[in-house]
Asker: 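Sharing a structure, written as structure tokens. Questions coming.
Read the numbers this way: they start at 1 and go in the same order the structure lists the ligands and their atoms. Only heavy atoms go into these numbers, but all of them, side chains included; no hydrogens, no water, no symmetry mates.
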Amino acid sequence: MGIGCPWSSQKGLRAYWEVSGLDENALEFPTRVYEEGKVKFLAPALKEGWEKAVSPSGMPVFFNPHSKLSRDMAVLMVGAYFDRKGIRVCEPLAGCGVRGIRIAVETGIVSKLVLNDINRFAYSLMKKNVEAAGLAEITEVYNLDANALLATHSTGKLRFDYVDVDPAGSPAPFLENAIRSCQSGGLLGVTATDLAPLCGTNPLSCIRKYDAVPYASPYSKETAARILLGFVARTAARIGMSISPILTFYRRHYIRTFVRLNYGKTLAKESLKNVGWMYECKSCGSVQWSSYVEPIKLCEVCSSVPRVFGPLWLGELASKDLVLKALGMAYEADMKEAYSLLRKISEEIQTIPFYYRVDEIGKRLKSRAPKPASIVDELRSIGFNASLTHFDGQGFKTDAPREVVERVFSELTSSKT
Ligand SMILES: C[S@@+](CC[C@H](N)C(=O)[O-])C[C@H]1O[C@@H](n2cnc3c(N)ncnc32)[C@H](O)[C@@H]1O
């Protein structure tokens, strides 16, 4: 930064932010100016060592710098999904408001922004951040319970084009109202940070929140995302709407999904065809799946009685076209982490709801494990569809039958000994 630049010294920094409405001393608690994407905003000053925690705690207003990727993805998906201006956006659990503000500033297509948080300190902070971002004219800021806010926007022109449900914990309590407040053809973004229930560490909590039996296994990251999506699909179907996933990913402490919503009971029933059950045979280890309405099956390989999980989403987790569009945007915006993740997702097989792990196959075959990328190359070379998966660095997806996977695995390990 050059000499004479207003923020080249601490004193200059304060003077500059005061002029632009971002006064670190303006609130009842210590704040700091942060910069993320194209936005500068106030959020609570983080305590020393915050980086080590998954999510900083004990602050007057929630702000987690680790969630930048989640916010980058929201900016990218709104930008990629909507090809028109005049978008109405709602962030009902907004914290300091940075997500909604970034979406408005960085996409440039938002005509109405509604930010809300139940925490009164968050409300004061959001108002400051909205003014400083120059969005006061198009923004309404509320200090309500999220469900109350969403319920009052669930009819006609009051509905939104994009609703972003980003709680600390489970989104389940907010989903029905969030879906009701979304236009047909609109986009819903959902975060779940309650991975213990979704991944099966806490099965009864998963049943309580998502009405689904989780799959506690080395593969639970993908099934967690699928349980969340299955729940979104069933919640939407109940009120006559269908979902189509645009992007779903797992990162650090959370799962995030973006789904298109459409009205129509027939469409809703169609989308329920993507919801079903997953089975794991404890005798031979094979994994199968079936639709919601099919009777539960015995293991196709050894006829044992399998363990059953779900209901969960068995359809595609992303739209390749929109992921590729967002990938281009991430490159342009120099969002490196988003770019790298979108690239992996763009190469993933979308039609197989399950993956293998090389270490698990190695354990069963009492062999060392080759790299997942070598197996993928080998399976492709003999005509099968195969890809890596962002859910798991040890994982790979394929349509090859299990015996073929094991044969290729053995060939690869024996050829190198
Ligand atoms: C994870 S934080 C939001 C982070 C924000 N979306 C971001 O990207 O920085 C969740 C927020 O939800 C708020 N909250 C919790 N329960 C709420 C409720 N019932 N209604 C409205 N806000 C609520 C909390 O005060 C907190 O600020």
Asker: Note the single closest protein heavy atom to atom 9 (O) of ligand 1, along with its residue, its atom name and the distance in Å.
Answerer: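 Of every protein heavy atom, Arg71 NH1, 3.1 Å lies nearest to atom 9 (O) of ligand 1.
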Asker: Under a 4.0 angstrom heavy-atom cut-off, which atoms of ligand 1 come close to Asn116?
Answerer: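 So the answer, numbered in order with elements, is 21 (C).
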Asker: State if Ala94 counts as touching ligand 1 under the rule of any non-hydrogen atom under 4.0 Å.
Answerer: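 Flag set, Ala94 near ligand 1.
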Asker: Tell me: protein heavy atom nearest atom 2 (S) of ligand 1, and distance?
Answerer: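 Sorting protein heavy atoms by distance from atom 2 (S) of ligand 1 puts Phe62 CD2, 3.3 Å first.
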Asker: Without hydrogens or angle criteria, can the side chains of Arg260 and Tyr81 be said to hold a donor-acceptor pair below 3.5 Å?
Answerer: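 Yes, a side-chain donor-acceptor pair sits under 3.5 Å.
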Asker: Would you mind listing which atoms of ligand 1 come within a distance below 4.0 Å of any non-hydrogen atom of Phe174?
Answerer: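 The list of qualifying atoms is 19 (N).
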Asker: Using 4.0 Å as the upper bound for N to carboxylate O, is an ion pair formed by Lys297 and Glu300?
Answerer: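 Salt bridge: yes.
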Asker: Can you give me every donor-acceptor pair (side chain of residues 275-282, partner residue at least two apart or in another chain, under 3.5 Å) with its distance?
Answerer:
| unit_1 | atom_1 | unit_2 | atom_2 | d |
| --- | --- | --- | --- | --- |
| Trp277 | NE1 | Tyr292 | O | 3.3 |
| Tyr279 | OH | Ser290 | OG | 2.6 |
| Glu280 | OE1 | Lys282 | NZ | 3.4 |
| Glu280 | OE1 | Arg307 | NH1 | 3.4 |
| Glu280 | OE2 | Tyr215 | OH | 3.0 |

Asker: If you measure only the distance, is there a donor-acceptor pair under 3.5 Å linking the side chains of Ser271 and Ser242?
Answerer: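 Short answer, no.
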Asker: Considering distance alone, does some N or O of Asp145 sit under 3.5 Å from an N or O of ligand 1?
Answerer: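 Yes, there is a polar N/O contact under 3.5 Å.
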Asker: Evaluate the ring planes of Tyr219 and Phe354, with Trp represented by its six-membered ring, and classify them as parallel (under 30°), tilted (30 to 60°) or perpendicular (over 60°).
Answerer: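 Tilted: the ring planes of Tyr219 and Phe354 meet at 30° to 60°.
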Asker: Select the closest option to atom 26 (C) of ligand 1 among Leu93, Ile101, Asp117, judged by heavy-atom distance.
Answerer: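 The option holding the nearest heavy atom is Asp117.
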Asker: Determine, using heavy atoms of Asp164 and all atoms of ligand 1, whether some pair is separated by less than 4.0 Å.
Answerer: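 Outside the 4.0 Å threshold, so no.
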Asker: Indicate, as side chain, backbone, both or neither, the part of Pro173 found under 4.0 angstrom from ligand 1 when only non-hydrogen atoms are considered.
Answerer: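 Pro173 to ligand 1: no contact under 4.0 Å from either part.
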Asker: Near Gly95, which atoms of ligand 1 are under 4.0 Å from a heavy atom of that residue?
Answerer: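 Here the atoms of ligand 1 in question are 27 (O).
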Asker: Of the side chain and backbone of Leu144, name the one, both, or neither that has a heavy atom under 4.0 Å from an atom of ligand 1.
Answerer: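 Under 4.0 Å from ligand 1, Leu144 contributes backbone atoms alone.
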Asker: Check contact between Pro92 and ligand 1, using heavy atoms of the residue and a distance below 4.0 angstrom.
Answerer: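 Flag set, Pro92 near ligand 1.
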Asker: Under 3.5 Å, N or O to N or O, is Arg99 touching ligand 1 that way?
Answerer: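 N/O-N/O distance under 3.5 Å: yes.
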Asker: Pull out every atom of ligand 1 sitting under 4.0 Å from any heavy atom of Asn119, numbered as shown with elements.
Answerer: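 Counting from 1, the qualifying ligand atoms are 25 (O).
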Asker: Sort out for me which residue in Thr389, Asp392, Thr398 forms a side-chain hydrogen bond (donor to acceptor under 3.5 Å, both in side chains) with Tyr355.
Answerer: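 One option only clears the test, and that one is Asp392.
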Asker: Does a donor on one side chain sit under 3.5 Å from an acceptor on the other, for Arg159 and Ser181?
Answerer: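 No pair is found: no donor N or O on one side chain lies under 3.5 Å from an acceptor on the other.
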Asker: Tell me which one of Asp72, Asp117, Asp166 satisfies salt bridge (charged side-chain N to carboxylate O under 4.0 Å, His left out) with Arg99.
Answerer: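 Of the listed residues Asp72, Asp117, Asp166, the salt bridge (charged side-chain N to carboxylate O under 4.0 Å, His left out) partner of Arg99 is Asp166.
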Asker: Measuring from non-hydrogen atoms of Pro167 to any atom of ligand 1, is the shortest distance under 4.0 Å?
Answerer: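 Heavy atoms of Pro167 do come under 4.0 Å of ligand 1.
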Asker: For ligand 1, which part of Ala122 has a heavy atom less than 4.0 Å away: the side chain, the backbone, both, or neither?
Answerer: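 For Ala122, there is no contact with ligand 1 at all, from either part.
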Asker: Give a yes-or-no answer on whether the side chains of Asp399 and Asn385 include a donor-acceptor pair shorter than 3.5 Å.
Answerer: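 No pair is found: no donor N or O on one side chain lies under 3.5 Å from an acceptor on the other.
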Asker: Identify the protein heavy atom lying closest to atom 20 (N) of ligand 1, giving its residue, its atom name and the separation to 0.1 Å.
Answerer: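 Of the protein heavy atoms, Ala146 N, 2.8 Å lies nearest.
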Asker: Quick one, Asp161 and Phe82 - any side-chain contact, counting heavy atoms below 4.5 Å?
Answerer: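 Asp161 vs Phe82: side chains touch.
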Asker: Please state which protein non-hydrogen atom is closest to atom 22 (N) of ligand 1 and give its distance, to 0.1 Å?
Answerer: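 Answer for atom 22 (N) of ligand 1: Ile118 N, 3.2 Å.
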Asker: So do the side chains of Leu188 and Phe258 get within less than 4.5 Å of each other, counting heavy atoms only?
Answerer: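 Leu188 does not reach Phe258 side chain to side chain.
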Asker: Just to confirm my output: which protein heavy-atom neighbour is closest to atom 10 (C) of ligand 1, and how far is it?
Answerer: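 Answer, as residue, atom name and distance: Asp166 O, 3.6 Å.
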Asker: Does a salt bridge link Glu337 with Lys68, judged by any charged N lying under 4.0 Å from a carboxylate O?
Answerer: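 Answer for the salt bridge query: no.
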